[in-house]
Amino acid sequence: TWKNSKIKASEMLIGKDFDKIEISIFGLNLLEPNAFIGDSIILIVAIVLAFKIRNLNNSICFFKNWRYFYLFFGFGMFLGGVGHLMFNYWGFYGKYFPWILGIICIFFVEKAMISLLKTKSSLLWENLSLLKLILALILEIGVFCFVDMSQDHSIGLRVPAINSTIGFVFSLVVLGNKYRKEIDKNFIFMIYGVLLLIPSGLFISFKINIHPWFDKNDFGHLILIIAMFFYYKSIYTYSQKIVNKQ
């Protein structure tokens, strides 16, 4: 059985959220199955793309770290979906590990993109990336230990969100634009992938919910899947460039 929102399914909500969907299976009262479905799809896409990257090249640091990103990102999102589903039983504790994985996966994006930076400053950027990772993990654990999220669970997302924004802007926009000019024009898809996340942020910020089974978070999941393919487009074309040079 399932309990849906009291709002009519045809109504779109802006500025507030639908009541969370609840379903009852095997005596368990599960929450937000739509989020779990979306996160599961992300995991499947991430695993497929990770294996495709492995088949492209698994020896060069750039490809290896992108593969790690997809795997950590996919499993992090999936576990986040499980956390949504089991919120009535696990509470915020079910979100902790996915948030940590969300911080770690960005480190692999940075590591992958910095690996192509053939300058004297590359080691500096690698160390700064590692320092940012450690700092973000310490801050997030501090939030877990000392901040009451019962009134606003989004507090736990702030450190991963800021960490992701800094990492993506530097790695995919700044370095992506540099590599677009110097290595391969298709690195522009890295930038497109980041720009694509802006509408998702707007949907979440303004609480634009299309349908109880396709709310602002589900829209964000769709955007993330498209962005994942954009990143892969750049990775694939770069791999072909390497092959053609051999």
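Two residues are said to be in side-chain contact when any heavy atoms from C-beta on lie closer than 4.5 Å; L172 and F187 fail this criterion. With a 4.5 Å cut-off on side-chain heavy atoms, P98 and M77 do not count as touching. You'll find the side chain of L130 stays beyond 4.5 Å of the side chain of E110, heavy atoms only. Residues M228 and Y70 are in side-chain contact: their nearest non-hydrogen atoms beyond the backbone lie under 4.5 Å apart. Proximity of E126 to L117: side-chain heavy atoms (C-beta onward) are nowhere separated by under 4.5 Å. At a threshold of 4.5 Å between non-hydrogen side-chain atoms, the residues N65 and S115 do not count as touching. L175 is not listed as a side-chain neighbour of N177, based on a closest heavy-atom distance of 4.5 Å or more. L30 places none of its side-chain heavy atoms less than 4.5 Å from the side chain of S24.
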Next on the checklist: Working note: Y192 + F189, criterion ring pair (Phe, Tyr, Trp, His ring centres under 6.0 Å); need CA distance, chi angles, decisive distance, verdict.
Outcome noted: CA-CA 5 Å; Y192 291 159; F189 285 96; 5.5 Å; yes

Checklist entry - Under the ring pair (Phe, Tyr, Trp, His ring centres under 6.0 Å) criterion, do F69 and F107 qualify, and how do the steps go? => result CA-CA 8 Å; F69 161 75; F107 172 71; over 10 Å; no

Checklist entry - Does the pair Y238 and F63 meet the rule for a ring pair (Phe, Tyr, Trp, His ring centres under 6.0 Å), with working shown? => result CA-CA 10 Å; Y238 176 59; F63 299 101; 5.8 Å; yes

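Ring pair Y96/Y93 is perpendicular by interplanar angle, where above 60° counts as perpendicular and below 30° as parallel. W66 and Y231 have tilted rings, their planes meeting at an angle from 30° to 60° on a 0 to 90° scale.
The main-chain N or O of L56 is never found under 3.5 Å from a side-chain atom of Y236 such that the two would form a donor-acceptor pair. Proximity of a side-chain donor or acceptor of Y68 to a complementary backbone N or O of V109 within less than 3.5 Å is not detected. A donor-acceptor pair under 3.5 Å is formed between the side chain of N127 and the backbone N or O of L123. Looking only at distances, no side-chain donor or acceptor of S171 sits under 3.5 Å from a matching main-chain atom of F168.
V169 and L135 end up in different hydrophobic clusters when Ile, Leu, Val, Met, Phe, Trp and Tyr side chains are linked at under 4.5 Å. Neither I162 nor I104 shares a network with the other; the hydrophobic side chains, linked directly or stepwise wherever heavy atoms of I, L, V, M, F, W or Y lie under 4.5 Å apart, form separate groups for each. Transitive grouping of hydrophobic side chains (ILVMFWY, heavy atoms separated by less than 4.5 Å) keeps I166 and L197 in distinct clusters. Taken together through direct or relayed side-chain contacts under 4.5 Å among Ile, Leu, Val, Met, Phe, Trp and Tyr, I44 and F51 form parts of separate hydrophobic clusters. Put simply, W125 and I183 are part of the same group of oily side chains (I, L, V, M, F, W, Y) that touch within less than 4.5 Å, one to the next.
No side-chain donor from either of T165 and N163 sits under 3.5 Å from a side-chain acceptor of the other. A donor and an acceptor atom, one from each side chain of K233 and N186, are nowhere located under 3.5 Å apart.
Between F108 and F73, a ring centre-to-centre spacing not shorter than 6.0 Å is recorded. Outside the 6.0 Å centre-distance limit, the rings of F229 and Y232 are not counted as a close aromatic pair.
Crowding of F92 atom CZ: a count of heavy atoms from other residues, nucleotides or ligands under 6.0 Å exceeding 12. Within 6.0 Å of NZ in K52 there are 12 or fewer heavy atoms belonging to other residues, nucleotides or ligands. Within a 6.0 Å radius of CZ in F62, other residues, nucleotides and ligands contribute more than 12 heavy atoms.
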